[in-house]
Amino acid sequence: MADTLPKGYEPHDVEARWRKHWEEKKTFTPDPDAPGEPYSIVIPPPNVTGALHIGHALNLTLIDVLCRHARQKGKNVLWVPGTDHAGIATQNVVERALAKEGKTRRDLGREAFVEKVWEWRADYGHRILDQIGALGCSVDWTRLRFTMDEGLSAAVRKVFVQLYDEGLIYKGDYIINWCSRCHTALADDEVEHEQSRGRLWSVRYHLTDGSGSIVIATTRPETIPGDTAICVHPEDERYARLVGKTARVPVLGREVPIIADNYVDREFGTGALKVTPCHDHNDWMLGKKHNLEFVQVIDENGVMKAEAGPYAGLTKQECRDRIVADIEAAGDLVDVAELEHAVGHCYRCHTVVEPHVSTQWFVATTKMAPAARAAVPELTKIFPESWLKTYYHWLDNIRDWCISRQIWWGHRIPAWTCKACGKLIVAEEAPDVCPVCGSDHLEQDEDVLDTWFSSALWPFSTMGWPEQTRELARWYPTSVLVTGFDIIFFWVARMMMMGLHFMKQAPFRDVYLHALVRDATGRKMSKSTGNVIDPLVMIEKYGCDSLRFTLTAFAALGRDIRLSEERIEGYRHFVNKLWNAARFALMNLPEEAPAPVNLENVRGLHHQWILHRLEMAKLDMDQALADYRFNDAAQLGYKFLWNEFCDWYLELIKPDMQSDDPARKAAAQYVLWLALRELLVLLHPIMPFVTAEIWRALPVPAGEQPTDLALEPYPSLRPGCARESEACRMELIQGVIVAVRTIKAELGISPSHKVSLLLHPVDEEQAALLEENRCLMITLARLESLELGAEVHAPKASASAVVQGCQVIVPLRGAVDLAGELARLDKELTKLEKDVTAVNMKLSNESFVSRAPAEVVARERERAGQLLDAKAKLQALRARFAEALAEE
């Protein structure tokens with residue numbers, strides 16, 4: 001008898017031991033020359049400053065499920081781990097640490113500050129990697145990458161120089177998003193638009209010819225000093241006579257033209273738009289189109305410049321307050337209205353972003369986007385398909401990507417300016433002298449590249465490009481990208497552009513975009529709301545496998561996950577169920593694996609049934625993962641283990657294990673051993689730790705050594721064991737047993753109480769099947785006696801059901817204390833009637849219905865319905881008992 005598992009499953013020691021084993025043995029380090037279809041995934045690199053949150057946990061779990069399953073299918077799997085240097089975020093962390101010492105980065109100087117960041121990374125950068133390990137991720141730690149590694153930095157420089165030489169990177173003055181807190185430019189998709197309460201000021205601009213005025217509406221009066229035109233719609237009859245005239249800017253008195261353009265929304269505000277080209281992206285385009293003057297009045301610190309006239313030196317808010325007061329004093333403030341509108345904030349520090357004109361570096365993504373658009377779905381498929389429209393829309397409306405950032409931590413732009421002749425030199429390595437004048441007085445560009453620039457190269461830079469490595473030859477393009485839908489613009493589309501341009505191939509064949517993890521009520525998780533679920537805390541409390549199974553079980557295509565701690569705790573019971581089932585099996589198995597039997601001819605309907613169900617589980621789970629239906633794969637595994645293997649098969653084989661017939665017992669032992677063994681393989685991608693621990697304890701065939709479950713192949717199919725007809729026959733026996741159990745429950749009979757059972761089969765074939773499995777039904781239905789045949793009929797005082805045409809009859813005489821049950825039901829009905837009356841009184845109270853929160857009223861109405869259903873069932877049961885008592 002094999003019994004090597006402790007009574008209770010304690011995950012922490014088990015998880016630590018297996019993590020150490022897999023890392024030391026380099027279990028997940030593949031050889032490029034090994035056989036098998038290549039399968040590769042690059043990890044979405046978390047910020048080096050980050051900590052594992054529930055979104056990471058979902059993403060990493062799903063990737064690990066795919067990688068472990070692909071290994072089982074014989075593929076040569078590479079999962080590349082790594083972290084992102086996270087330019088703005090990391091610099092902010094280190095600057096805050098310096099601030100506690102009363103210092104700034106400028107006190108240290110650039111070189112010393114960057115060294116300080118490297119020190120911070122050495123001290124704290126491993127935290128997120130340790131947390132990835134805690135989740136059981138089967139990454140290849142020997143190929144760990146960091147976006148600031150020398151190899152990746154070389155790739156960044158090569159890409160920059162090549163794109164510059166091809167005219168796809170350029171430097172120029174342009175309006176960008178500017179964060180005055182981080183002091184850097186931001187790409188369009190690094191600006192988070194949040195709904196905010198504001199005001200809409202209507203301001204009168206006087207015509208210079210004295211013939212009247214025109215009223216504009218603005219949410220940003222502090223930009224009025226930068227106005228260089230007023231724009232109306234060419235078909236707006238209200239202003240047709242004014243087009244071509246000029247008006248004066250309030251307070252400053254600057255004369256500006258009145259122009260017409262289809263861009264204007266006639267329905268917003270007054271239908272007349274002030275044009276401030278240096279402080280609004282759309283106004284910038286109007287300024288270029290109509291050859292307007294460009295006047296910048298707000299500097300990079302959010303302070304008004306000299307061009308703002310009397311408001312110079314004020315902050316934006318101070319200027320707003322002052323200019324509104326001055327306009328009102330002049331009698332030109334026509335109206336002020338409250339307004340709810342979207343305001344852009346920095347995605348890192350949440351400071352309000354200011355459109356700002358400055359000299360920046362850009363990638364001409366408008367030229368690269370068409371190839372990325374055409375590649376989907378021709379070369380790359382997106383799952384779920386509902387995200388295709390979003391992907392196309394963004395690429396169709398893309399603007400050139402501002403890639404320069406005014407910070408110190410990151411890949412410094414490889415461009416130098418000769419101070420002698422002004423020559424701009426873009427090169428992979430620092431030049432010694434100017435190629436034009438020979439001067440050695442060269443200054444490198446102060447800016448660094450947007451963090452997403454290096455991340456866009458991740459699928460091929462992590463494999464050694466620009467070197468032509470074995471990894472690149474073997475595993476590029478990658479098989480699938482698993483990531484959140486929220487970075488489809490930041491990352492997915494840009495990787496598509498770069499992969500197609502430099503590798504001439506799409507960087508991945510599939511993109512799986514998972515949804516958000518929300519709380520149990522559907523709210524987005526946030527620290528301020530206090531509804532965050534920390535995955536590390538959940539692992540500590542319930543074990544890693546419980547968390548992983550929960551996330552996988554709810555990861556349906558295109559549907560947000562509503563997560564609660566109670567659900568994770570619930571799946572801990574599932575882990576325990578597997579553990580206890582394994583303990584039962586091991587107590588009934590020999591020290592060595594049982595001798596094989598011919599499974600296609602094995603005797604016993606229950607064996608044939610479980611082997612059929614096992615074949616279906618193997619087929620269905622494999623297909624579910626191939627289709628990225630993670631939730632279906634998890635639920636199939638759950639159903640097979642809990643509902644079929646544990647609830648039925650382990651009960652059905654107990655008589656076999658106690659049998660004096662050696663052949664019968666040996667057959668049951670082999671089927672049990674095989675079913676458990678293959679079940680562990682099926683569940684392993686989702687629950688790696690508990691399955692690996694049970695696998696280690698399973699008896700192995702004589703002369704063989706135990707193997708590592710992580711390297712075990714997916715179970716081969718046995719078509720001869722897939723017998724739907726036998727499964728259907730078994731379902732009749734199960735149906736009879738369930739019907740008896742249901743009747744007992746409905747009548748309030750204890751599950752352990754033995755009752756008599758009468759069966760009226762539909763034909764002789766069914767009768768023979770029932771007779772053959774008489775012992776199973778007597779044992780599992782807890783029967784006192786069983787009578788079956790065509791002559792069997794239901795007595796008047798009985799409860800019945802029909803299963804596959806067979807009448808299932810439980811006589812009530814002797815099974816139930818009818819008089820006692822009637823008395824009990826009368827008491828319950830009296831209490832229920834009081835509850836119904838109470839809730840109906842509450843719902844008929846108009847004050848309660850109108851004043852109570854809607855969810856409270858809805859809950860009471862739902863309760864009223866439940867009480868009425870319960871009352872109807874008890875009344876029906878009472879009527880049945882009363883009828884039976886009358887017949888005695």
Side-chain angles (χ1 to χ4, degrees), residues 1-6 9 14 17-31 34-36 67-77 136 138 578-579 581-602 607 610-611 614-615 617-618 621-622 637 640-641 645 649-650 653 656-657 662-685 687-721:
M1 179 173 66
D3 182 13
T4 57
L5 292 178
Y9 176 60
V14 170
R17 179 160 30 83
W18 280 108
R19 284 198 303 270
K20 182 180 179 182
H21 169 84
W22 288 326
E23 188 168 352
E24 288 179 349
K25 297 292 184 182
K26 297 184 179 178
T27 305
F28 308 121
T29 298
D31 179 354
C67 286
R68 289 181 184 269
H69 180 251
R71 288 189 197 94
Q72 293 178 336
K73 299 292 288 183
K75 297 179 181 180
N76 190 358
V77 178
S138 59
L578 175 60
W579 185 261
R583 277 178 48 79
F584 171 84
L586 290 169
M587 286 188 287
N588 287 279
L589 290 175
E591 292 293 336
E592 292 181 350
V597 300
N598 187 335
L599 295 175
E600 294 186 20
N601 295 317
V602 66
H607 297 322
I610 198 65
L611 289 170
L614 181 59
E615 290 306 298
K618 284 149 62 172
M621 289 182 72
D622 189 33
F640 183 80
L641 169 66
F645 186 73
Y649 187 65
L650 295 187
I653 62 170
D656 298 332
M657 295 304 178
R664 178 184 174 187
K665 183 173 183 179
Q669 287 179 325
Y670 182 71
V671 175
L672 172 63
W673 175 81
L674 182 75
L676 176 58
R677 194 174 190 275
E678 295 194 349
L679 172 61
L680 292 174
V681 180
L682 296 183
L683 291 174
H684 178 73
M687 304 161 63
F689 294 113
V690 67
T691 52
E693 187 70 1
I694 295 171
W695 180 271
R696 179 193 59 79
L698 278 184
V700 297
E704 294 186 15
Q705 293 297 317
T707 58
D708 185 345
L709 178 56
L711 299 176
E712 194 68 19
Y714 199 78
S716 300
L717 295 176
R718 300 183 191 85
C721 290

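Being a predicted model, the structure only gives us computed values, none of them experimental. What's counted below: heavy atoms across the whole structure, side chains too, no hydrogens, waters or symmetry copies.
A 4.5 Å side-chain heavy-atom check between Q669 and P590 finds at least one atom pair inside the cut-off. Using a 4.5 Å heavy-atom threshold, the side chains of L682 and T691 count as separate. For the pair L578/I694, a side-chain contact is recorded, criterion being any heavy-atom separation below 4.5 Å from C-beta on. Considering only heavy atoms from C-beta on, P685 stays 4.5 Å or farther from R71 through its side chain. Considering only heavy atoms from C-beta on, I610 comes within 4.5 Å of F640 through its side chain.
Taking OH of Y649 as the start and CG of L641 as the end, the distance is 14.5 Å to the nearest 0.5 Å. Expressed to the nearest 0.5 Å, how far CG of N76 lies from CG of D31 amounts to 7.0 Å. The line from OG of S716 to CD of E615 is 9.5 Å long, rounded to the nearest 0.5 Å. F584 contributes atom CZ, which lies 7.5 Å from atom CE of M587 (distance to the nearest 0.5 angstrom). Here E592 contributes atom CD and W673 contributes atom CH2; the two are 11.5 Å apart, rounded to the nearest 0.5 Å.
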TODO: Check step by step if side-chain contact (heavy atoms from CB on, under 4.5 Å) holds for R696 and L709.
DONE: CA-CA 8 Å; R696 179 193 59 79; L709 178 56; over 6 Å; no
TODO: Run the numbers on D708 and K25 for side-chain contact (heavy atoms from CB on, under 4.5 Å), then give the verdict.
DONE: CA-CA 11 Å; D708 185 345; K25 297 292 184 182; over 6 Å; no
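In this structure, Y714 and H69 have perpendicular ring planes: the angle between them is above 60°, well past the 30° mark.
Relative to the six-membered ring of W22, R68 meets both conditions, a distance below 6.0 Å and an angle of at most 45° to the axis.
The nearest pair of heavy atoms linking G637 to L683 is CA-CD2, 3.9 Å. When all heavy atoms of A710 and T27 are compared, the closest pair comes out as CB-CG2, 4.3 Å. When every heavy atom of V681 is checked against every heavy atom of P713, the shortest pair comes out as CG1-O, 3.6 Å.
P596 meets the side chain to side chain contact (heavy atoms under 4.5 Å, CB included) test with Y670; sequence neighbours excluded.
Comment: R677 engages E712 in a salt bridge, judged by a side-chain N to carboxylate O separation of less than 4.0 angstrom. Between D656 and K665 there is no salt bridge, since no side-chain N of the basic residue sits under 4.0 Å from a carboxylate O of the acidic one. Contact check on D622 versus K73 returns a salt bridge, with a Lys/Arg side-chain nitrogen under 4.0 Å from an Asp/Glu carboxylate oxygen. Ion pairing between R17 and E693 holds under the 4.0 Å rule for side-chain N and carboxylate O.
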